[in-house]
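Residues: numbered from 1 along the sequence shown.
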Amino acid sequence: MHITPTLVSRQKRGDILSYEDLSPDLIDNHKIIVNTTPLGMFPHIDQSPNIPYTALSPEHLCYDVIYNPETTLFLQKAARQGCKIKNGIEMLHLQALAAWKIWNE
């Protein structure tokens, strides 16, 4: 299976969409949503990407690279729509293990 990403940022530039460009149809056609921004990271836990959360469904997986707090506002909003959610703690652990292997083997 091949996944073609659609990049979204605060400002539209080139092929990168802005949050304002996100429509319910676009969200519906992208079942994996990944937050790679620092929005929602401690101490600014009251922030989240400005996406149309009501367009999310139980068919979506929402992943946040943030792990502190464990459940960001982005993940909370996604969970309220029935989405599967995952934070970035496993990624952090896997990166640490890979770094250990690089430097110690």
For the student: nearest non-hydrogen atoms of Gly40 and Ile66, plus distance: C-CD1, 4.1 Å

Taking all atoms of both residues into account, what is the closest heavy-atom pair of Thr36 and Val65, and its distance? CA-CG2, 3.8 Å

Please assess Asp15 against Leu7 for the test side chain to side chain contact (heavy atoms under 4.5 Å, CB included), listing each intermediate value before the final yes or no. CA-CA 8 Å; Asp15 291 337; Leu7 303 179; over 6 Å; no

Any link between Leu39 and Ile45 through a network of hydrophobic side chains (Ile, Leu, Val, Met, Phe, Trp, Tyr) touching at under 4.5 Å? no

Shortest non-hydrogen contact between Leu73 and Ser48, atoms and distance: CD2-OG, 3.9 Å

Any side-chain heavy-atom pair from Asn35 and Thr72 closer than 4.5 angstrom? no

Going from CG on Leu61 to CD1 on Ile85, what distance comes out if it is rounded to the nearest 0.5 angstrom? 9.5 Å

Considering non-hydrogen atoms only, spot the tightest contact between Cys83 and Ser57 and give its length. SG-O, 3.3 Å

With rounding to the nearest 0.5 Å, note down the distance linking CD in Gln81 to CD1 in Ile27. 11.0 Å

Evaluation steps, side chain to side chain contact (heavy atoms under 4.5 Å, CB included), between Leu56 and Lys77: CA-CA 9 Å; Leu56 295 172; Lys77 289 179 176 182; over 6 Å; no

Is there a side-chain contact between Asp64 and Lys86 in this structure, where contact means two heavy atoms from C-beta onward sitting under 4.5 Å apart? no

What pairs of donor and acceptor atoms, side-chain ones from residues 91-105 against any protein atom, are under 3.5 angstrom apart with sequence neighbours left out?
| from | atom 1 | to | atom 2 | distance (Å) |
| --- | --- | --- | --- | --- |
| Asn104 | ND2 | Trp100 | O | 3.0 |

Using the test side-chain hydrogen bond (donor to acceptor under 3.5 Å, both in side chains), find all partners of Asp21 that sit at least two apart in sequence or belong to another chain. Ser18

What do the steps show when you test Leu17 against Lys12 for side chain to side chain contact (heavy atoms under 4.5 Å, CB included), and what is the final call? CA-CA 5 Å; Leu17 302 177; Lys12 183 179 179 116; 4.1 Å; yes

One should read off an interatomic distance between Ile51 CD1 and Ile33 CD1, to the nearest 0.5 angstrom, of 6.0 Å

Taking all atoms of both residues into account, what is the closest heavy-atom pair of Tyr19 and Arg10, and its distance? CE1-CG, 3.7 Å

A quick test of your reading: do over 12 heavy atoms of other residues, nucleotides or ligands sit less than 6.0 Å from OH of Tyr67? no

Could you tell me which non-hydrogen atom of Phe74 sits nearest to which non-hydrogen atom of Tyr63, and how far apart they are? CE2-O, 3.5 Å

Looking at NZ of Lys84 and CD1 of Ile32, how far apart are the two atoms once the value is rounded to the nearest 0.5 Å? 9.5 Å

Sidechain-backbone polar pair: His60 side chain, Ala78 backbone, donor-acceptor under 3.5 Å: no

Begin from the C-alpha positions of Glu70 and Ile89 and carry the test side chain to side chain contact (heavy atoms under 4.5 Å, CB included) through to its verdict. CA-CA 8 Å; Glu70 184 176 330; Ile89 195 70; over 6 Å; no

If hydrophobic clusters are built from ILVMFWY residues whose side chains come within less than 4.5 Å, do Tyr53 and Leu75 share one? yes

